[in-house]
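Everything numeric in this text was worked out from a predicted model, so none of it was measured.
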Amino acid sequence: MGQQPSLGEPVIGPGRGTARETGSVRRTPRGRLSPAAGFGDGILLPECWQAKERYSTMEFGHMSSRLDHFSALCVAIVFFLPSLRAINTVPVWSYWIAIAGLATASIYLLLSRGVRRWEVDVAAFVLLCAGLFAWLLFSVLWTRSTTQYEEDIGRIAALIALVSSAAIVITPQVARRALTLLVLGSLVLTGYVIRSYAASGTLSGYDVEIAQYYLIISSAIATGAVGSATQATITHGRPWPWLLSALVLLAGLSLSLGRGSLLFAIAVIVLFGGGSVLSDKGRRRRLNHLLRNAVYRGTLIVLLVGAVVGAIWSALRVERTATRLQRLISGAEWEAGGRGHLWTTAWSNIQEAFFFGYGLGSSGIMSAGVEENYPHNLILQVWLDGGLPAVGLLCGIIVLPYLAAIRANARAGGWRHMYLPWLGIYTQLVLEYSKSTNLYSGRTLFLAGIITVRLASAAEKCEARFPQGLGKAGKGWGG
């Protein structure tokens with residue numbers, strides 16, 4: 001009874017025609033149609049099982065659920081190690097533990113199932129990263145750095161191992177579980193922020209424990225807030241745990257002193273979350289379903305807007321954040337924040353070595369006059385180090401996840417896929433790296449990028465053959 005009908009064999013049940021035409025189906029207890037394989041929410045076409053296998057963990061025939069959990073844990077550790085190092089001074093070599101875990105999982109998969117062809121966008125992303133890293137390493141030949149380039153070489157080696165391993169290991173199941181762990185970790189950091197304020201006994205923001213490393217903490221909380229909010233908008237059935245998490249994380253983000261992370265997160269949530277809710281028109285046309293869908297979408301919109309307004313109000317209650325927001329709005333940030341000097345100096349020096357740059361590790365010298373510093377902008381940093389070829393490759397890396405998502409969306413007719421939360425997280429990180437953080441420490445940026453491309457590319461392939469909705473977001477907390 002559980003055996004799949006062969007191609008051309010009549011289907012018993014509500015479908016019409018042959019299994020080749022309609023796919024094997026079964027009825028759920030409520031009488032709705034669902035895939036015989038239990039994946040997605042539409043009718044599966046048997047001739048596309050091969051494409052479906054590329055999108056689900058069925059493509060890893062020997063991969064156990066434990067390996068999924070292990071890989072997801074490694075991804076989450078990569079995201080939260082900067083915060084752990086800031087709080088508890090975890091050694092820098094701890095990054096290699098998580099990367100080694102992903103590398104071990106990828107080697108196991110290669111040995112157990114052999115080498116399989118990547119989707120075009122995944123291969124393109126990996127090749128662009130390889131080209132960027134190779135050119136930057138090659139630029140050591142003309143570097144003006146005396147010591148910094150050695151540290152940057154080690155960071156780039158870690159990025160090479162991370163991107164190549166993640167391209168093999170990442171699946172929808174791994175990405176969904178990693179998103180759950182990311183949100184849970186962000187909630188823990190939010191509790192840490194609240195505890196810091198409770199210990200200080202004031203909302204001034206100047207004497208709290210997180211003041212020394214607030215940029216790291218706020219960035220981590222922001223990724224969790226964006227991921228949970230966008231996941232809530234694409235989850236059918238039980239979105240409320242995700243939405244409640246987003247409300248708590250936005251509140252924590254408003255207290256984290258990271259005004260840039262807060263503003264970026266709000267913009268990303270409004271753009272991706274709001275767009276997802278408004279584009280969800282539903283497939284049923286009965287009046288009661290339309291009304292229910294309208295109420296559901298309206299409730300999500302009201303709650304998201306309320307969360308955004310509440311986060312802004314809460315941030316303005318913190319004296320330090322309010323002062324810095326007023327400085328930003330007044331336009332005084334360009335002189336007061338220090339980034340204006342870094343960026344203008346960097347651009348002036350770029351024009352002196354427009355094509356080849358100054359070599360790996362030179363961006364700090366050519367922007368701040370200090371070798372250990374950096375321009376606080378990913379484009380300027382790469383341009384100073386690797387010149388125009390490096391910038392071209394980096395721009396391709398930045399744009400590719402959006403192109404993959406746009407193509408997948410064109411197939412689906414709506415932003416309802418599980419790649420959307422990761423696209424939001426990736427956007428948040430791109431914005432973060434445009435105003436702070438050393439790009440060569442950008443493990444989270446490249447990891448979010450490869451996850452987004454991996455999911456969007458597979459979803460595009462499946463949507464071309466599963467127009468009923470294969471690849472839609474899962475139900476409930478943790479997928």
Side-chain angles (χ1 to χ4, degrees), residues 75 77-87 90 92 94-95 98-99 129 132-133 136 148 151-156 158-159 162-163 182 185-186 189 210-227 253 256-265 267-268 324 328 333 337-343 345-346 360-368 370-386 390-391 394-395 397-398 401 424-450:
V75 170
I77 289 175
V78 170
F79 271 86
F80 287 108
L81 265 179
S83 299
L84 293 177
R85 293 193 67 232
I87 297 172
V90 177
V92 67
S94 57
Y95 286 111
I99 296 174
C129 290
L132 174 63
F133 300 151
L136 289 173
Q148 184 61 37
E151 184 176 345
D152 290 341
I153 289 175
R155 291 171 174 171
I156 290 176
L159 290 176
L162 179 66
V163 171
L182 193 153
S186 299
L189 289 179
I210 64 170
Q212 301 176 3
Y213 39 80
Y214 71 91
L215 286 174
I216 299 174
I217 301 297
S218 63
S219 178
I221 296 177
T223 56
V226 169
L253 184 58
S256 68
L257 303 178
R259 49 167 186 167
S261 298
L262 175 63
L263 295 177
F264 291 154
V268 173
R324 299 177 73 235
L328 178 64
E333 179 67 22
R339 289 184 177 85
H341 174 71
L342 287 175
W343 293 345
T345 303
L360 183 65
S362 303
S363 61
I365 300 175
M366 307 312 297
S367 62
V370 180
E371 191 166 0
E372 293 76 17
N373 210 329
Y374 51 92
H376 288 73
N377 180 275
L378 72 170
I379 298 293
L380 294 177
Q381 182 176 5
V382 167
W383 208 330
L384 283 171
D385 281 354
V391 170
L394 178 62
C395 289
I397 294 171
I398 294 174
I425 291 173
Y426 178 72
T427 303
Q428 174 75 22
L429 292 171
V430 169
L431 294 173
E432 289 280 0
Y433 279 80
S434 68
K435 56 94 178 169
S436 60
T437 310
N438 188 337
L439 178 64
Y440 306 137
S441 300
R443 290 166 287 270
T444 55
L445 176 67
F446 288 97
L447 185 55
I450 192 64

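Between Leu378 and Val430, the closest heavy-atom pair is CD2-O, 4.4 Å. What you find for Ile425 and Phe79 is that their closest heavy atoms are CG2-CE2, 4.2 Å. Of all non-hydrogen atoms in Ala220 and Leu189, the two that sit nearest each other are CB-CD1, 3.5 Å. Closest heavy-atom contact between Phe446 and Cys129: CD2-SG, 3.8 Å. Taking each heavy atom of Ile379 and Cys395 in turn, the nearest pair found is CD1-SG, 4.2 Å. Across all their heavy atoms, Leu253 and Ala265 have their closest contact at CD2-CB, 3.7 Å.
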One pair to check against side chain to side chain contact (heavy atoms under 4.5 Å, CB included): Phe80 and Ser186. What are the steps and the verdict? CA-CA 9 Å; Phe80 287 108; Ser186 299; 3.7 Å; yes
Side chain to side chain contact (heavy atoms under 4.5 Å, CB included) between Met366 and Thr345, worked out: CA-CA 7 Å; Met366 307 312 297; Thr345 303; over 6 Å; no
For Ile397 and Leu132, what are the C-alpha separation, side-chain angles and deciding distance, and is it a side chain to side chain contact (heavy atoms under 4.5 Å, CB included)? CA-CA 9 Å; Ile397 294 171; Leu132 174 63; 3.8 Å; yes
Residues Tyr440, Phe133; criterion ring-ring contact (aromatic ring centres under 6.0 Å, His included); working and verdict: CA-CA 10 Å; Tyr440 306 137; Phe133 300 151; 8.7 Å; no
Could you walk me through whether Leu136 and Asp385 pass the side chain to side chain contact (heavy atoms under 4.5 Å, CB included) check? CA-CA 7 Å; Leu136 289 173; Asp385 281 354; 4.2 Å; yes
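A heavy-atom distance below 4.5 Å is not found between the side chains of Ile87 and Ile210. Using a 4.5 Å cut-off on side-chain heavy atoms (C-beta onward), Leu159 and Arg443 make contact. Leu447 places a side-chain heavy atom less than 4.5 Å from the side chain of Val75. At a threshold of 4.5 Å between non-hydrogen side-chain atoms, the residues Ile153 and Leu360 count as touching.
Partners of Glu151 according to the salt bridge (charged side-chain N to carboxylate O under 4.0 Å, His left out) rule, which considers only residues two or more places apart in sequence or in another chain, are Arg155.
Asp152 and Gln148 share a donor-acceptor pair across their side chains, judged by distance under 3.5 Å alone. Of the N and O atoms on the side chains of Tyr433 and Asn377, not one donor lies less than 3.5 Å from an acceptor on the other residue.
Note: Trp383 CH2 to Ser363 OG = 14.5 Å, rounded to the nearest 0.5 Å. Going from atom CG of Leu431 over to atom OH of Tyr426 covers 10.5 Å, rounded to the nearest 0.5 Å. Put simply, CG on Asn373 and CG on Leu342 are 6.0 Å apart, with the number rounded to the nearest 0.5 Å. Within the model, atoms OH of Tyr374 and OG1 of Thr437 stand 5.5 Å from one another, a figure rounded to the nearest 0.5 Å. With rounding to the nearest 0.5 angstrom, the CG atom of Leu262 is 9.0 Å from the OG atom of Ser218. Summarising the geometry, atom CG belonging to Leu257 is positioned 7.0 Å from atom OH belonging to Tyr214; distances are rounded to the nearest 0.5 Å.
Side-chain N or O atoms of Gln428 include none that pairs as donor or acceptor with a backbone N or O of Val268 at under 3.5 Å. Looking at Ser219, its side chain never comes within 3.5 Å of a backbone N or O of Ile216 through a donor-acceptor pair. Of the possible donor and acceptor atoms, one in the side chain of Arg259 sits under 3.5 Å from a partner among the backbone N and O of Arg324.
Within the structure, the salt bridge (Lys or Arg N to Asp or Glu O under 4.0 Å) test picks out the following pairs touching residues 429-438 (sequence neighbours left out): Glu432-Lys435.
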